[in-house]
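In what follows, a structure is listed as structure tokens, so that the remarks can point back to it.
In what follows, chains are A, B, ... by sequence order, proteins preceding strands, each numbered from 1. A quick note: this is a predicted structure, and the numbers were derived from the prediction, not measured.
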There are 2 protein chains.
Amino acid sequence: MATLKDVAEKAGVTVTTVSRVINNRGYIGEQTRQKVQEAMKELHYQPNELARSLSMKRTNTIGIIVPHIVHPYFAKLISELESEAAAHKYKILLCNTKAETKKELEYIDMCKSNRVSGIVLCSRNVDIKKMKNLDIPVITIERYLDAGTVGIECDNYQGGRMATEHLIEAGCRNLIHLSGIKNENMPADARAEGFRDVCKEHGIQHREMLSNNKIYSTMDYHEYIRQAIREVPDVDGIFASSDLIAAQTIQVCNELNLKIPDQIKIVGFDDVDIAKYTTPMITTIHQPVHEMASWAIEFIEKSLRKEVIPEQLKLPVSLVKRQTT
Amino acid sequence: MATLKDVAEKAGVTVTTVSRVINNRGYIGEQTRQKVQEAMKELHYQPNELARSLSMKRTNTIGIIVPHIVHPYFAKLISELESEAAAHKYKILLCNTKAETKKELEYIDMCKSNRVSGIVLCSRNVDIKKMKNLDIPVITIERYLDAGTVGIECDNYQGGRMATEHLIEAGCRNLIHLSGIKNENMPADARAEGFRDVCKEHGIQHREMLSNNKIYSTMDYHEYIRQAIREVPDVDGIFASSDLIAAQTIQVCNELNLKIPDQIKIVGFDDVDIAKYTTPMITTIHQPVHEMASWAIEFIEKSLRKEVIPEQLKLPVSLVKRQTT
DNA sequence: TATTATGTGTCAATCGTTTGACATATAATT
DNA sequence: AATTATATGTCAAACGATTGACACATAATA
């Protein structure tokens, strides 16, 4: 593959000159510029980013670490992060931990080795930065933050409240909350708190369920949902902590011949595409994923410029009424 | 950040020695090795992959270029590719073209600049390799192949046949095929051929529909589906060319009060997760995405080793019976 | 004893860029 | 005429690894 040197020779100048026209810095004569550009065209020259990054001591790469790619929430998050990153001339190094701590630590090292400009961590919340002696900005999304990382999350508590209030207003008097993950201590836990508080305020009968699922190891919640409904047979409203669970709740209700929304109402969380493709479509709490991604990239850039950035950012959620309520 | 040199100084040896223990090549005394390893620990040394790649003239990066990340088929493909790549010590550079030719070409350049080991292209089929003077192995998935690239696809024609035969065996006599993309000339077009041939062989009344959707610009097919059913009101079987379309077909049938599978049966294509989360669950044609991803990575490796690889690989599909038939 | 194989380690060039420090030439300003 | 900007280029040292070519012991073999 052609190098700067080849181009320089072909154009009859030195590498510095070529580098100058590429990065257009310093003074360059119009004629010289022409010659150089022609040479580049002819040789199909493509600058070597590795050499460039090495020399400049910075890459334009952002590492994204997620526990799961197929999960619609993460797929959406990745998609939004990619768009935003591309708009800022960053490229994406994609890491999938499958929720294994070992892989996560390996990926952190990998990002470090590749000198990424920043890391967006949506995986877990070990005290990464301290542990790994990282001097790379780390943004977490919907995870508890460590010392020195900035955490972005949506207002899970309000989301829980809104979902629950909506169910109660719609006439539900016996509620279940289906949470996704047990024992993981995540911001999403606040959804349950919101649920609990609203139920208590209204004196509504309620029950919270915890899935046995290891974090995202499987996305099959059917048995968990069946069990929940079996335990509370006269339930008339379910607040699921993700649209994925909500979708499966629809299926289980269908098995049990519970009519949605007449006999039972369902509210999901996330507002990912799947909520629009089920029958009926899912009423859900919208997470501002686009904004979350956008802030994440912005914070990485600010952090690189040594600007002060907040430790935590909590974004508002909203209710999207569809057909399950 | 600590460099080889720092480690060498701390351990009282030269950089060559340190490099030797890292890559363990040549002879190294046990004591020396110890000392070096301690020094690395203490300094939290993490080799600079950029320098390493530059020096070795190879990266361990694979570029994945897709038109859409949120689309469940691509999400799954990306996920499988990532797993397989990780297992082979490759990292992933993720590129989302949103089906824009301009972005696609930019991303090809980006991959080239970053000296990726290979490119998995699932986006379109311009004559990339020739156009861009690429000397990087390119594997396409479910796209027509260019000169010099290897194409991996599933047996779309057989898939079309199987879906259609299944509908006919289940008693359908008036079929529609809903294809996803118009005028794109993709391997997936063969699904329609399979459909057509089987219908003709059985003398079954049939109709093929083409979506007006620009390729993946939106994933909303509702109006298209409504229109199709309006044109063939007595349809009793639909073969949708993706599970995403099938899911939306379920929704439309529900609007129109057509009972599935009693009055109308539906078969999808892809067998992505969404097929399991709709109500009813979608009977579909399974694409062996895992195997496709696995072959893609293998071919890239073979290609780097200068081994001969096939020009085309067609993998078998299978029918997964669920609840829409 | 001379020769060869086996360990252990050092030197310095190389990968493809960027960039500060210098030249040199021309034009404009005192 | 001397001084100072303004253009236009060149040189060579980084950046942080890898690696072939050597050097020098020590042990084994002829």
Side-chain angles (χ1 to χ4, degrees), chain A residues 1-37 39-40 43-61 109-117 135-136, chain B residues 1-37 39-40 43-61 89 91 109-117 135-136:
Chain A
M1 209 170 277
T3 72
L4 250 201
K5 206 169 163 185
D6 299 328
V7 176
E9 274 169 20
K10 178 140 209 148
V13 296
T14 64
V15 290
T16 308
T17 309
V18 180
S19 171
R20 287 250 180 88
V21 2
I22 289 174
N23 304 305
N24 76 63
R25 59 161 54 248
Y27 308 106
I28 284 288
E30 192 46 41
Q31 291 208 351
T32 319
R33 163 172 276 117
Q34 291 290 328
K35 268 193 307 185
V36 169
Q37 258 151 2
M40 297 197 333
L43 295 173
H44 293 102
Y45 173 72
Q46 196 71 32
N48 184 327
E49 273 295 321
L50 296 167
R52 185 189 274 237
S53 292
L54 180 60
S55 183
M56 295 200 294
K57 295 159 106 31
R58 72 180 298 256
T59 62
N60 286 300
T61 309
D109 279 343
M110 198 258 261
C111 286
K112 201 173 167 187
S113 274
N114 285 278
R115 303 298 190 265
V116 297
S117 298
D135 45 7
I136 296 172
Chain B
M1 209 170 277
T3 73
L4 250 202
K5 206 168 165 188
D6 299 328
V7 176
E9 273 169 22
K10 179 140 206 149
V13 296
T14 65
V15 290
T16 310
T17 309
V18 179
S19 172
R20 288 247 180 90
V21 0
I22 290 174
N23 304 306
N24 76 71
R25 58 161 58 250
Y27 308 106
I28 285 289
E30 192 46 41
Q31 289 208 353
T32 318
R33 162 170 276 116
Q34 292 290 329
K35 267 191 308 184
V36 170
Q37 258 150 1
M40 295 195 339
L43 295 172
H44 294 102
Y45 173 71
Q46 197 71 32
N48 183 327
E49 274 294 322
L50 296 167
R52 186 190 273 237
S53 292
L54 180 60
S55 183
M56 296 200 294
K57 295 159 109 29
R58 72 180 298 256
T59 62
N60 286 299
T61 308
K89 304 292 174 208
K91 38 195 186 297
D109 279 343
M110 198 257 263
C111 286
K112 201 174 169 189
S113 273
N114 284 279
R115 303 298 190 263
V116 297
S117 298
D135 46 6
I136 296 173

Exercise for review: State, without any angle test, whether B:Thr17 and B:Thr14 hold a side-chain donor-acceptor pair at a distance under 3.5 Å.
Suggested key: yes
**Study point:** Minimal non-hydrogen separation, B:Val18 against B:Val36, with atom names
**Key:** CG1-CG1, 4.0 Å
Practice item. List the protein contact pattern of nucleotides 6-16 of chain C with one symbol per nucleotide (5' to 3'): B for base contact, S for sugar-phosphate-only contact, - for none; contact means a heavy-atom distance under 4.0 Å. Key: -BBBBBB--BB
Practice item. On DNA chain D, reading 5' to 3', which nucleotide is the first and which the last to sit with an atom under 4.0 Å from a heavy atom of chain A, could you check? Key: D:dA7 to D:dG16
**Study point:** For the student: nearest non-hydrogen atoms of B:Pro47 and A:Ser113, plus distance
**Key:** O-OG, 3.0 Å
Review point. Which value, rounded to the nearest 0.5 Å, describes the distance between B:Arg52 atom CZ and A:Leu50 atom CG?
Key: 13.0 Å
Study note, to complete from the structure: In terms of heavy-atom contacts, A:Ala2 and A:Leu43 come closest through CB-O, 3.8 Å
Check your understanding: Through what angle, rounded to 10 degrees, does the axis of the helix from C:dT1-D:dA30 to C:dT30-D:dA1 turn between its ends, using five pairs per end?
Key -> 50°
Exercise for review: Search all heavy atoms of A:Arg115 against all heavy atoms of A:Thr59 and return the closest pair with its distance.
Suggested key: O-OG1, 2.7 Å
Study note, to complete from the structure: d(A:Leu4 CG, A:Glu9 CD) to nearest 0.5 Å is 11.5 Å
Practice item. Compare all side-chain heavy atoms of A:Thr3 with those of A:Asn48 and state whether any distance is below 4.5 angstrom. Key: no
Exercise for review: Drop me the distance from A:Arg20's CZ to A:Arg33's CZ, to the nearest 0.5 angstrom.
Suggested key: 11.5 Å
Check your understanding: Taking all non-hydrogen atoms of both residues, which atom of B:Met1 and which atom of B:Asp6 are closest, and how far apart?
Key -> O-OD2, 4.2 Å
